[in-house]
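Here's the structure we're looking at; comments come further down.
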Amino acid sequence: MLRHVLGRVLRRVLPFALGVLAASLLSFPVVAGSVDQRTKTALVIGFKDYRNASSLKNTLNDANLISERLKTAGFTVETVLEAPLTTLATSVQNFLETAKGADIALVYYAGHAVQIDGENYIVPVDFDGNSADIIGALYPVAKLLTGLNATVKSRVVLLDACRDNPFQAKLKERLGARAEGQGLAAIQMPVVDGKAVPTGTQGLVVGYATQPQNLALDGIAENGRYAAALSMALTSPDEDFNTVLVRTTREVMTQTKGRQQPEHRTALTGPLYLVSRPQPLSCDLLAAEPDNDVSVKGVDFDEIDPAKALPACEADQKQNPASPRLMHNLGRSLERAGRLEEAAAMYRRSADLGHDWAQVYLANAYMEGIGVKPNMTDGIGWLRRAYEQGNRQALVTYTELDLTEVFDGRAERIKTLQEALRKAGYVDVPDSGQLDDETTSSIEEFKSGLKLDGKSITFQMLDRLNIIEKLFPEKDLTP
């Protein structure tokens, strides 16, 4: 009985997971078979010959290498080399103006940088440490981030600048403890605002050539290890940028025997693809999620033609076996063809690799028993992971779906909820088995205290109370 009631509630929102919401909110104009329609812009900065310090070895080569790679990937690139502060500030401001409204803006910096009071600053080539306003002679990374955050959908900032700093002694002499700490400080990542239900991928990626507070090693050839690895990783089209960064980290660690470990921090609302193919894959044209960043229109679930999509996706996935997006596309095609167990297995492979839409579909499979044995605990776990990545379908299902109907007339379920509220500190909640005033007001207080949205009973609230398994036991879900 519980599965039937729960299924009726879920089906009010879960159709969105089949593409309806994505199709209705998709904002950029794309037609099937088109090339990448996104606006992609980049600023590449490289400083080598400092006027008051010894020259760096690889930085200009690194900047030129990344610049050329980004141009090949379809970015409009501005390259700034050997700039004093005034030129640097003007170049950054011009870039911020031209980047307004861009789908993707990327900034790569190779040179010296310092941290002061936990904030990072780019060191221009004319810095000498003698200015009366010593901090004013540096360029704040925070200013760059603020400018990008206000105008660009997806922002990527890569700081290849964690070298031993020749200005550190002078900075400590002038600023004392404010200038302590080697390498760069960790940049505070923004919280993805799920309330806005963002369309497509939005947010920020920050990359460091090595972990914050640590120093990077100079390259042994023409290029630094981080730039060389990143450049090679950027040659793969239609690959989630997170995968690109993981491969970059692995390569640098291999080259340095673990002495240098790049670190990347992300706050994105979906997969981010920097490099697109000249022409899209057939699998994407026939089965991609409408909410995508590979510049195809996508297909609503009910519109997938498995006779065409299945062979196309099987072939493309075989040629690109590590692509979580193609795994997900194949899973959609299999589910549409009624091959539910195979579909669930493909969703699981994609979800394990971090693909947010596959996590949503896998959550749906566990919650509805589609191709797998129903298990609400597993379903909510996958839904939570997709929500934490900013997936907007997961946002709706996890935080907004009103589950009050599941409790109507079911005293034992309500008592389970009341017991959990008492354990959470709301000792005055009765054991009445009814959604009385004290219980509903405690629900409001509990959600308010955790800054959860709304007043209704949601999966997120029940998850935080750790009672999903008690409320939805496997025996009640099995037909």
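Every heavy atom of this structure was used, including side-chain atoms; hydrogens, water molecules and symmetry mates were not.
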For R155 and K153, indicate whether the former's side chain and the latter's backbone hold a donor-acceptor pair under 3.5 Å. yes
Return the minimal non-hydrogen interatomic distance between L353 and A322, and the atom names on each side. CD1-O, 4.2 Å
Heavy-atom distance under 4.5 Å between the side chains of V123 and L138, does that happen here? yes
For the residue pair N120 and V114, establish whether any side-chain heavy-atom pair is separated by less than 4.5 Å. no
Min side-chain heavy-atom separation I370-E335 under 4.5 Å: yes
Regarding Q393 and Y361, is there a side-chain donor-to-acceptor distance under 3.5 Å anywhere? no
Please tell me if the side chains of P271 and H355 come closer than 4.5 Å, counting only heavy atoms from C-beta onward. yes
For D49, I'd like to know if atom CG has over 12 heavy atoms of other residues, nucleotides or ligands within 6.0 Å. yes
Is it the case that the side chains of T399 and T458 hold a donor-acceptor pair, with the cut-off being a distance below 3.5 Å and no angle test? no
Assess, by modelled atom type and distance only, whether the side chains of E251 and Q255 contain a donor and an acceptor separated by less than 3.5 Å. yes
Audit row: L286, V299, side-chain contact (heavy atoms from CB on, under 4.5 Å) steps and yes/no: CA-CA 7 Å; L286 295 169; V299 187; 5.5 Å; no
Would you compute the distance between atom CD of Q460 and atom CG of L383 and round it to the nearest 0.5 angstrom? 10.0 Å
Steps toward side-chain contact (heavy atoms from CB on, under 4.5 Å) verdict (T76, K40): CA-CA 6 Å; T76 301; K40 302 188 294 186; over 6 Å; no
All heavy atoms of V77 vs all of S67, minimum pair found to be CG1-OG, 3.4 Å
Using every non-hydrogen atom in the two residues, find where P321 and R349 come nearest and quote the distance to one decimal. O-NH2, 3.9 Å
Would you check if there is a donor-acceptor pair between the side chains of N223 and D62 at a distance under 3.5 Å? yes
I'd like to know whether Y109 forms a side chain to side chain donor-acceptor pair (under 3.5 Å) with D160, so could you lay out the CA-CA distance, the side-chain angles of the two residues, the decisive distance to 0.1 Å, and finally the verdict. CA-CA 6 Å; Y109 171 64; D160 192 355; over 6 Å; no
With side chains defined as the heavy atoms from C-beta onward, is the minimum distance between D126 and L85 less than 4.5 Å? yes
Quick one: which of V156, V107, L43 gives a side-chain contact (heavy atoms from CB on, under 4.5 Å) with L148? V107
Under 4.0 Å between a side-chain nitrogen and a carboxylate oxygen: does that hold for D284 and R325? yes
Under 3.5 Å donor-acceptor, S236 side chain and E239 backbone: no
Considering all heavy atoms of both residues, which atom of L70 and which atom of A42 are nearest to each other, and what is their separation? CD1-CB, 3.8 Å
Shortest non-hydrogen separation from A312 to S282 and the atoms involved: CB-CB, 4.0 Å
Check whether the side chains of D240 and Y273 place a donor and an acceptor atom closer than 3.5 Å, and report yes or no. no
Qualifying residue for ring pair (Phe, Tyr, Trp, His ring centres under 6.0 Å) with H328, from F301, W357, Y347: Y347
Please assess H112 against F47 for the test ring-ring contact (aromatic ring centres under 6.0 Å, His included), listing each intermediate value before the final yes or no. CA-CA 8 Å; H112 280 307; F47 298 159; 9.9 Å; no
Out of curiosity, N242 CG to L268 CG, how far, rounded to the nearest 0.5 Å? 6.5 Å
Quick one: pull up OG1 in T41 and NZ in K100 and give me the separation to the nearest 0.5 Å. 13.5 Å
side-chain contact (heavy atoms from CB on, under 4.5 Å), that's the test. Do L96 and Q93 meet it? Break it down for me. CA-CA 5 Å; L96 294 176; Q93 187 56 44; 4.3 Å; yes
Is the ring centre of Y398 less than 6.0 Å from the ring centre of F459? no
Step through it carefully: locate the ring centre of Y226, locate the ring centre of Y208, and say whether they are under 6.0 Å apart. no
Would you sort out whether Y387 and D356 count as a side-chain contact (heavy atoms from CB on, under 4.5 Å), showing the intermediate values? CA-CA 8 Å; Y387 163 76; D356 61 320; over 6 Å; no
Should the pair R384-D463 be classified as a salt bridge under the 4.0 Å nitrogen-to-oxygen rule? yes
Could you note down all residue pairs passing salt bridge (charged side-chain N to carboxylate O under 4.0 Å, His left out) where residues 65-85 supplies at least one of them, sequence neighbours left out? E68-K71
Taking T254 for the side chain and R250 for the main chain, is one N or O donor matched with an acceptor at less than 3.5 Å? yes
Do the side chain of N391 and the main chain of A394 share a donor and acceptor less than 3.5 angstrom apart? yes
Below 4.5 Å, heavy atoms only, C-beta onward: do R332 and I304 meet side chain to side chain? yes
Taking the side chain from Q260 and the backbone from A209, do they hold a donor-acceptor pair closer than 3.5 Å? yes
T235 side chain vs S231 backbone, donor-acceptor pair below 3.5 Å: no
Is a donor on one side and an acceptor on the other found under 3.5 Å between the side chain of N149 and the backbone of L145? yes
With sequence neighbours left out, write down each residue that passes side chain to side chain contact (heavy atoms under 4.5 Å, CB included) with V372, or none if nothing qualifies. A344, A365, Y366
Please check: side-chain N/O of D103 versus main-chain N/O of T39, any donor-acceptor pairing under 3.5 Å? yes
Got a second to check how far K57's NZ is from E222's CD, nearest 0.5 Å? 10.0 Å
Do V157 and V205 come within less than 4.5 Å of each other through their side chains, counting heavy atoms only? no
Donor-acceptor pair, R277 side chain versus D238 backbone, under 3.5 Å? no
Would you give the length of the straight line joining atom CG of L310 to atom OG of S333, rounded to the nearest 0.5 angstrom? 5.0 Å
Answer whether the closest heavy-atom distance between the side chains of R265 and E263 falls below 4.5 Å. yes
What one should report as the nearest heavy-atom pair of A288 and N329 is CA-OD1, 3.4 Å
Is there a donor-acceptor pair under 3.5 Å between the side chain of N375 and the backbone N or O of D378? yes
Donor + acceptor pair across side chains of D128, N52 (<3.5 Å): no
What is the distance from atom OH of Y121 to atom CD1 of I116, rounded to the nearest 0.5 Å? 5.5 Å
